[in-house]
Protein chains: 2
Amino acid sequence: MFSKACEYGIRAVIYIAQKSLNEERASLKDITAEIDSPEAFTAKVLQQLAKAKIINSLKGPNGGFEIGKDKIDSIKLSQIVNALDGDSIYKGCGLGLKVCNANEPCPVHDKFTSIRSELRKMLENTSLFELATSLETGLTYLKR
Amino acid sequence: MFSKACEYGIRAVIYIAQKSLNEERASLKDITAEIDSPEAFTAKVLQQLAKAKIINSLKGPNGGFEIGKDKIDSIKLSQIVNALDGDSIYKGCGLGLKVCNANEPCPVHDKFTSIRSELRKMLENTSLFELATSLETGLTYLKR
DNA sequence: TTTAATTCGGACAAATTTATCCGAATTAAA
DNA sequence: TTTAATTCGGATAAATTTGTCCGAATTAAA
């Protein structure tokens with residue numbers, strides 16, 4: 001469904017959000033330990049997310065990554081996915097056709113549109129805040 | 001969502017089914033021309049599908065691929081997807097965790113289970129017959 | 001001012017997926 | 001029986017994704 005980069009990215013952002021809610025910054029090492037992901041690769045992903053202004057990065061001692069507390073509620077899962085995997089998950093044809101729409105549909109077009117729209121809604125309605133708090137309260141996990 | 005192999009595979013199978021309903025066999029060249037896919041790669045995909053008993057292959061002049069007319073209605077999209085991409089689309093964790101279930105869920109587990117179950121139902125309930133007939137009647141397309 | 005902790009950015013490497021090539025095997029038809 | 005049309009199967013190549021390495025830049029703290 002998502003690329004590895006996106007999987008790591010989502011996990012990382014949730015963790016950073018959790019820390020940020022507690023007024024703490026997360027370093028790369030911290031993050032990769034907590035979400036169990038390859039360090040150097042995750043660094044690249046975090047760079048992408050920083051460029052997309054989803055997270056904030058600070059160099060130097062006591063540096064790391066953070067997210068403005070006020071932003072955490074307004075950031076949706078869709079923004080993270082979009083920054084890392086683009087919009088093919090919503091837009092692309094299920095069978096890989098370049099042209100595929102209601103007028104000239106592929107054989108599975110109608111079957112897919114409803115599911116894809118559900119997925120889109122879900123991603124657009126899921127806030128980073130709720131994901132981070134479910135982690136904070138110990139209801140969910142980021143590794144294993 | 002699906003691999004290229006799976007996209008080509010689904011398109012090919014739908015086309016083969018359409019031909020089979022008309023008592024005709026489809027050769028590799030025929031297929032790749034109709035679904036606009038790379039010939040050699042598609043050949044590999046068809047081999048996989050033949051091994052999985054989803055399609056039938058015949059060598060020699062006037063050979064090609066076909067599907068028993070009686071089977072076309074009972075073959076579901078899920079079988080094709082499963083033969084080519086496995087079951088990760090249903091089973092795997094949305095964030096790539098090895099362990100992720102209702103007891104120890106990742107932060108997006110609940111959000112994904114409903115969508116994934118919708119997808120599974122759709123794939124399991126969509127028969128090759130309906131896809132092939134929509135193609136036959138000109139309502140849907142396999143290339144462009 | 002120096003040091004050390006950190007992210008950044010570019011080059012590279014490994015793994016996987018996608019794709020090609022070609023001879024072997026099979027088989028229907030000439 | 002020969003020929004030609006086809007799929008099969010193995011080797012290889014190209015492209016993409018995933019992953020690593022390392023020096024440069026930045027910056028807080030000693």
Side-chain angles (χ1 to χ4, degrees), chain A residues 1-13 15-16 19-20 24-33 35-67 81 83-86 88-89 92 95-96, chain B residues 1-13 15-16 19-20 24-33 35-67 81 83-86 88-89 92 95-96:
Chain A
M1 175 141 290
F2 301 133
S3 67
K4 281 286 167 195
C6 196
E7 289 177 359
Y8 298 148
I10 295 171
R11 278 151 65 191
V13 169
Y15 177 67
I16 296 167
K19 293 280 274 188
S20 294
E24 283 172 30
R25 216 166 266 161
S27 74
L28 176 62
K29 279 191 182 173
D30 187 9
I31 294 166
T32 56
I35 73 174
D36 190 26
S37 68
E39 193 170 310
F41 188 65
T42 305
K44 301 289 186 193
V45 175
L46 292 172
Q47 245 179 94
Q48 278 188 266
L49 291 168
K51 276 182 189 161
K53 310 270 185 191
I54 291 169
I55 63 178
N56 214 275
S57 74
L58 296 99
K59 291 180 184 174
N62 200 33
F65 300 88
E66 63 182 19
I67 306 177
V81 172
L84 298 171
D85 279 358
S88 66
I89 202 168
L95 299 187
Chain B
M1 173 139 292
F2 300 132
S3 67
K4 281 286 167 195
C6 196
E7 289 178 358
Y8 298 149
I10 295 172
R11 278 150 64 190
V13 168
Y15 177 67
I16 296 167
K19 293 281 274 189
S20 295
E24 283 172 30
R25 216 166 265 162
S27 74
L28 175 63
K29 280 192 183 174
D30 187 10
I31 294 166
T32 57
I35 74 174
D36 189 28
S37 68
E39 192 169 311
F41 188 66
T42 306
K44 300 289 187 194
V45 175
L46 292 171
Q47 247 179 92
Q48 278 188 267
L49 291 167
K51 276 183 189 161
K53 311 270 186 191
I54 291 170
I55 63 179
N56 215 275
S57 74
L58 296 98
K59 290 179 183 175
N62 201 31
F65 300 89
E66 63 181 20
I67 306 176
V81 171
L84 297 171
D85 279 358
S88 66
I89 201 168
L95 298 187

Flag side-chain contact, heavy atom, 4.5 Å: B:L46 against B:I16: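 Yes, side chains in contact.
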
Distance, rounded to the nearest Å, where [X] contributes [atom1] and [N] contributes [atom2]:
X	N	atom1	atom2	value
A:I55	C:dT6	CD1	P	16 Å
B:N56	C:dT26	CG	C1'	15 Å
A:E66	D:dA28	CD	C1'	14 Å
A:L28	C:dC8	CG	C1'	11 Å
B:F2	C:dT18	CZ	C1'	18 Å
A:L84	D:dT18	CG	P	11 Å
B:E39	C:dT18	CD	P	19 Å
A:F65	D:dT26	CZ	P	16 Å

Heavy atoms from C-beta onward define the side chain here; which of [options] lies closest to that of [X]?
X	options	result
A:K44	D:dG19, D:dC8, C:dG9	C:dG9
A:F41	C:dT7, D:dT20, C:dA19	D:dT20
B:K59	C:dT27, D:dA28, D:dT20	C:dT27
A:S27	C:dG9, C:dT18, C:dT7	C:dT7

Do the side-chain N or O atoms of [X] get closer than 4.0 angstrom to the phosphate oxygens (OP1, OP2) of [N]?
X	N	result
A:Y8	D:dT18	no
B:Q47	D:dG9	yes
B:S57	D:dT6	no

Interatomic distance, [X] atom [atom1] to [Y] atom [atom2] [nearest 0.5 angstrom]:
X	Y	atom1	atom2	result
A:I67	A:K53	CD1	NZ	14.5 Å
A:I55	A:Q48	CD1	CD	10.5 Å
B:L28	B:S57	CG	OG	11.5 Å

5' precedence on DNA chain C between A:K51 and B:K4 (nearest-nucleotide basis):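 That would be A:K51.
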
Nearest nucleotide by nearest heavy atom, which residue falls closer to the 5' end of DNA chain D, B:G64 or A:C6?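 This one resolves to B:G64.
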
Need to verify one output field. Residue with the more 5' nearest nucleotide on DNA chain D, B:I31 or A:P38? B:I31

For A:L46, which contact category applies under a 4.0 Å heavy-atom criterion: base, sugar-phosphate, or nothing?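 Nothing: the residue A:L46, judged by heavy atoms under 4.0 Å, touches no strand.
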
Which part of the nucleic acid, if any, lies within contact of B:K29, taking any heavy atom under 4.0 Å across all strands shown: a base, the sugar-phosphate backbone alone, or nothing?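 If one applies the 4.0 Å heavy-atom cut-off, B:K29 turns out to touch nothing in the nucleic acid.
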
Pairing nucleotide - C:dA19, Watson-Crick or G-U, each distance under 3.5 Å: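 Across any shown strand, C:dA19 pairs with D:dT12.
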
By the Watson-Crick or G-U definition, both distances under 3.5 Å, C:dA28 is matched with D:dT3

Verdict with reasoning, A:T42 to A:T32, per side chain to side chain donor-acceptor pair (under 3.5 Å): CA-CA 7 Å; A:T42 305; A:T32 56; over 6 Å; no

The test is side chain to side chain contact (heavy atoms under 4.5 Å, CB included); show your working for A:Y8 and A:L84 and say whether it passes. CA-CA 10 Å; A:Y8 298 148; A:L84 298 171; over 6 Å; no

